[in-house]
Amino acid sequence: MNQYGTQLREQWELIDPTQASAMGEDYFAKQGEMAQAQIEDLTLQLAGPDLPDETYLEKVGRINNARTRAAEMVMADLPRPVDRSEWEHRFEIWQGGHPVRVLIRDFQRTMDEIEDRILDEPEDLTIWRKDRHAKKAEMRADLEQLGLPLTLINQVLTPALGDADVVMPIWVTSSQTEQALRAWVRPQWEALSPQVREDAWDEATDGADYYQATQRVASGLPRF
């Protein structure tokens, strides 16, 4: 690791030792190599051509001054640890695009549409009950496939105002279920390296995009 990589790592360790450790030595080594190449290019630009009647010592001073300025400019643009509040903001966006979240939103929207049906004929009630049961069974199977715990599945499949045929349920996620869902997805988020979260963020526009981008970056797949 060159001096620029070492300097960057030390800066990270002062700001957030946990993130610095999570990034790993290779990350700082690569950042240092890129910084050195940029500094060398920028030094030539800032130093400019040789001056008429310039002495050797004057030339050395001009180049050293250009290198110092170039190093300051390049190092100032290198990545810095993300603030904890920013990570929480990204977590909220990421978990909002989690497949379980997408399923739940689609399920609740469909159930609301079923609940809103006008039951004019006796057979309408039979169809209504059948559709409700079928959708809940489908949802249960989908959530089981994604590994959601049984207790959480039961919570998701329970409307806010009970499930009696005579009461129109409200299909929203209760605060208790909301907290449990966040607790379930957070380990998946924390298993992603800071670099994966950082790289994925550049391409994301919403929760679904950010979730998908982290999966592509983590698996080494190209972006599209």
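Judged as a salt bridge (Lys or Arg N to Asp or Glu O under 4.0 Å), not a single pair has a partner in residues 63-78 (not counting sequence neighbours). Screening residues 39-77 for ring pair (Phe, Tyr, Trp, His ring centres under 6.0 Å), with sequence neighbours left out, gives no hits. Sorted by first and then second residue, the salt bridge (Lys or Arg N to Asp or Glu O under 4.0 Å) pairs with a member in residues 23-41 read Arg9-Glu25; sequence neighbours excluded. Among pairs with a residue in residues 17-55, those fulfilling ring pair (Phe, Tyr, Trp, His ring centres under 6.0 Å) read Trp12-Tyr27, Trp12-Phe28, at least two apart in sequence or across chains.
Here Thr151 pairs with nothing under the side-chain hydrogen bond (donor to acceptor under 3.5 Å, both in side chains) rule; sequence neighbours left out. By the side-chain hydrogen bond (donor to acceptor under 3.5 Å, both in side chains) test, Glu138 is found to be paired with no residue, residues two or more places apart in sequence or in another chain being considered. Among residues two or more places apart in sequence or in another chain, the salt bridge (charged side-chain N to carboxylate O under 4.0 Å, His left out) test is passed with Arg62 by Asp50, Glu54. Shown here are the side-chain hydrogen bond (donor to acceptor under 3.5 Å, both in side chains) partners of Arg101, two or more places apart in sequence or in another chain: Gln95, Glu178. With sequence neighbours excluded, the residues that form a salt bridge (charged side-chain N to carboxylate O under 4.0 Å, His left out) with Glu88 are Arg186. Residues passing the side-chain contact (heavy atoms from CB on, under 4.5 Å) test with Thr126, sequence neighbours excluded: none. Qualifying salt bridge (charged side-chain N to carboxylate O under 4.0 Å, His left out) partners for Asp124, counting only residues two or more places apart in sequence or in other chains: none. Scanning for salt bridge (charged side-chain N to carboxylate O under 4.0 Å, His left out) contacts around Glu92 gives Arg182, with sequence neighbours left out.
Side-chain atoms of Thr18 and Ser21 form no donor-acceptor pair, as typed in the model, at a separation below 3.5 Å.
Annotation for Glu123: atom CD counts as buried by contact number, over 12 foreign heavy atoms lying within 6.0 Å.
Cation-pi contact between Arg197 and Trp94: absent, since separation from the ring centre below 6.0 Å together with deviation from the ring axis within 45° is not met.
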